[in-house]
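Values in this document were obtained by computation on a predicted structure and should not be read as measured data.
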Amino acid sequence: MKFNYGDTLRIRNDLYTILGKIRYINTHGNIWYEYKLVKHSSNKAFWLRWDKKRDAYHFSKLCGKAPLADMKLVDSGYEMVTGTWGGEIDEGITDTAKYKEYENGDGNATFSVEAWAFETEYSKGFYINKEYVSVEKDVEMTDTIKDRMDTVKKMKFVGPIVWILANVLIFMPRFDIQILHDIHNFLTWPYIVGGNIIIGIIVAFVLFKR
């Protein structure tokens, strides 16, 4: 079953809201979705995906590097991001990682390694029968989740504006906009340096004024 950004899921007895969604394809030609979940009771982040082979959901969370002495390698290859939804996703479209997936002897516990271009992520998890996962309607969100979703909405509005300002500031020598020239003359910074600093101030203001 596919879910959407903003859906609230009941997994066993706990509620989680989806604040991110990623679509992947791997070197075996498999396509799947992973959902970033935020738990209502603790605001901690988890990940959920459907596993066709198991006919069950895989539930996991990021962790430190763990020993693999009692686990065996069950899958490996390369995965590429082909779509993202939501504002709490670090990966972008076409980002690629080398991955390895391990399971313990009875297959109940899992451990994954994803080596991205600039970092390596480790996660541990387990499988959940599909009857324990359902969409909950008319659920009251926690204040923290509401704030995080509001930030995403703001960034969707502000993002294009920031992009336009970035282009104006970076390529400003080509335009005769006197007030912007005056700003740069006052700051006595090169155009690109000054532009980057101003853009950083704008982005920081948007992110922290909530």
Side-chain angles (χ1 to χ4, degrees), residues 1-24 26 31-51 54 56-68 71 75 79-93 95-103 108-130 132-137 139-156 159 203-204 206-208 210:
M1 183 176 182
K2 295 180 183 178
F3 305 115
N4 297 310
Y5 169 81
D7 284 350
T8 295
L9 307 182
R10 181 175 294 278
I11 301 177
R12 293 181 175 169
N13 296 320
D14 294 306
L15 293 177
Y16 303 79
T17 293
I18 298 173
L19 292 187
K21 178 179 177 181
I22 306 176
R23 184 179 61 226
Y24 290 96
N26 65 10
I31 298 173
W32 72 97
Y33 293 85
E34 289 197 6
Y35 304 93
K36 182 177 182 179
L37 309 177
V38 175
K39 190 174 183 179
H40 284 212
S41 61
S42 65
N43 292 317
K44 292 183 178 180
F46 299 87
W47 291 88
L48 185 77
R49 63 176 169 84
W50 175 250
D51 190 293
R54 290 275 185 169
Y57 289 100
H58 182 255
F59 185 83
S60 63
K61 66 177 180 179
L62 295 178
C63 65
K65 188 175 181 180
L68 303 174
M71 291 191 165
D75 190 18
E79 60 188 15
M80 183 176 71
V81 176
T82 60
T84 63
W85 296 263
E88 296 203 353
I89 300 298
D90 294 330
E91 293 76 24
I93 295 175
D95 282 356
T96 304
K98 183 178 182 180
Y99 72 90
K100 294 182 179 180
E101 295 185 355
Y102 300 83
E103 291 183 357
N108 291 332
T110 66
F111 181 77
S112 302
V113 181
E114 294 176 301
W116 299 93
F118 300 104
E119 65 175 338
T120 299
E121 294 181 339
Y122 305 93
S123 59
K124 59 183 179 180
F126 55 88
Y127 295 99
I128 300 176
N129 292 335
K130 55 187 175 183
Y132 293 115
V133 179
S134 60
V135 177
E136 290 287 308
K137 301 293 185 181
V139 176
E140 179 66 24
M141 302 288 187
T142 66
D143 290 340
T144 299
I145 291 176
K146 287 179 181 178
D147 288 343
R148 290 164 76 164
M149 295 182 77
D150 285 343
T151 299
V152 172
K153 291 180 181 178
K154 291 177 182 177
M155 291 308 298
K156 285 183 178 180
V203 172
V206 172
L207 289 176
F208 293 104
R210 290 187 290 166

Parallel, tilted or perpendicular: which fits the ring planes of Tyr16 and Phe46, with parallel below 30° and perpendicular above 60°?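 Perpendicular, since the angle between the ring planes exceeds 60°.
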
Separation between [atom1] of [X] and [atom2] of [Y], rounded to the nearest 0.5 Å:
X	Y	atom1	atom2	answer
Leu9	Thr17	CG	OG1	8.0 Å
Lys36	Ile89	NZ	CD1	6.5 Å
Tyr127	Ser60	OH	OG	10.0 Å
Ile11	Ile128	CD1	CD1	5.5 Å
Leu15	Met141	CG	CE	9.5 Å
Glu34	Glu79	CD	CD	7.0 Å

Quick one, Tyr24 with Trp32, criterion ring pair (Phe, Tyr, Trp, His ring centres under 6.0 Å). Give me CA distance, side-chain angles, the key distance, then yes/no. CA-CA 5 Å; Tyr24 290 96; Trp32 72 97; 5.2 Å; yes

Could you give me the CA-CA distance, side-chain angles and deciding distance for Leu62 and Glu121, then say whether side-chain contact (heavy atoms from CB on, under 4.5 Å) is met? CA-CA 7 Å; Leu62 295 178; Glu121 294 181 339; 4.2 Å; yes

Holding to side-chain contact (heavy atoms from CB on, under 4.5 Å), I want the full list of residues that pass it with Asn43, two or more places apart in sequence or in another chain.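 side-chain contact (heavy atoms from CB on, under 4.5 Å) list for Asn43, sorted by chain: Val38, Thr142, Thr144, Ile145.
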
side-chain contact (heavy atoms from CB on, under 4.5 Å) between Asn129 and Tyr57: does it pass, once the steps are laid out? CA-CA 6 Å; Asn129 292 335; Tyr57 289 100; over 6 Å; no

Given 3.5 Å as the limit, does a donor-acceptor pair link the side chain of Asp51 with the main chain of Arg54, or not?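 Yes.
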
Donor-acceptor contact below 3.5 Å, side chain Arg23 vs main chain Thr82: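 Between the backbone of Thr82 and the side chain of Arg23 there is a qualifying donor-acceptor contact (under 3.5 Å).
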
Ring-face cation of Lys21 near Tyr33 (centre distance under 6.0 Å, axis angle within 45°):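 The answer is yes; both the distance and angle limits are met.
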
Do [X] and [Y] have side chains that approach each other closer than 4.5 Å (heavy atoms only, starting at C-beta)?
X	Y	result
Glu114	Thr120	no
Arg10	Tyr132	no
Tyr35	Trp47	no

Under the ring pair (Phe, Tyr, Trp, His ring centres under 6.0 Å) criterion, do Phe59 and Phe126 qualify, and how do the steps go? CA-CA 6 Å; Phe59 185 83; Phe126 55 88; 5.6 Å; yes

So for atom CG, which belongs to Asn108, do other residues, nucleotides or ligands contribute more than 12 heavy atoms lying within a distance under 6.0 Å?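 Buried by this count: over 12 neighbours within 6.0 Å.
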
Should the heavy atoms of other residues, nucleotides or ligands under 6.0 Å from NZ of Lys146 be counted, would the total exceed 12?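 Enclosed: over 12 neighbouring heavy atoms sit under 6.0 Å from NZ of Lys146.
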
Looking at Asp75 and Lys100, does any basic side-chain N land under 4.0 Å from a carboxylate oxygen?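 So Asp75 does not pair with Lys100 through a salt bridge.
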
Pair Arg49 + Glu101, salt bridge at N-O below 4.0 Å: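 Salt bridge: yes.
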
Is there a side-chain contact (heavy atoms from CB on, under 4.5 Å) between Asn26 and Tyr99? Walk through the geometry before answering. CA-CA 9 Å; Asn26 65 10; Tyr99 72 90; 3.2 Å; yes

Between Lys124, His58, Glu103, which is the residue that forms a side-chain hydrogen bond (donor to acceptor under 3.5 Å, both in side chains) with Thr110?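 Running side-chain hydrogen bond (donor to acceptor under 3.5 Å, both in side chains) over Lys124, His58, Glu103 with Thr110 returns exactly one hit, His58.
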
Give me the atom names and distance for the closest heavy-atom approach of Tyr122 to Gly64.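 Where Tyr122 meets Gly64 most closely, the heavy atoms are CB-O, 4.0 Å.
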
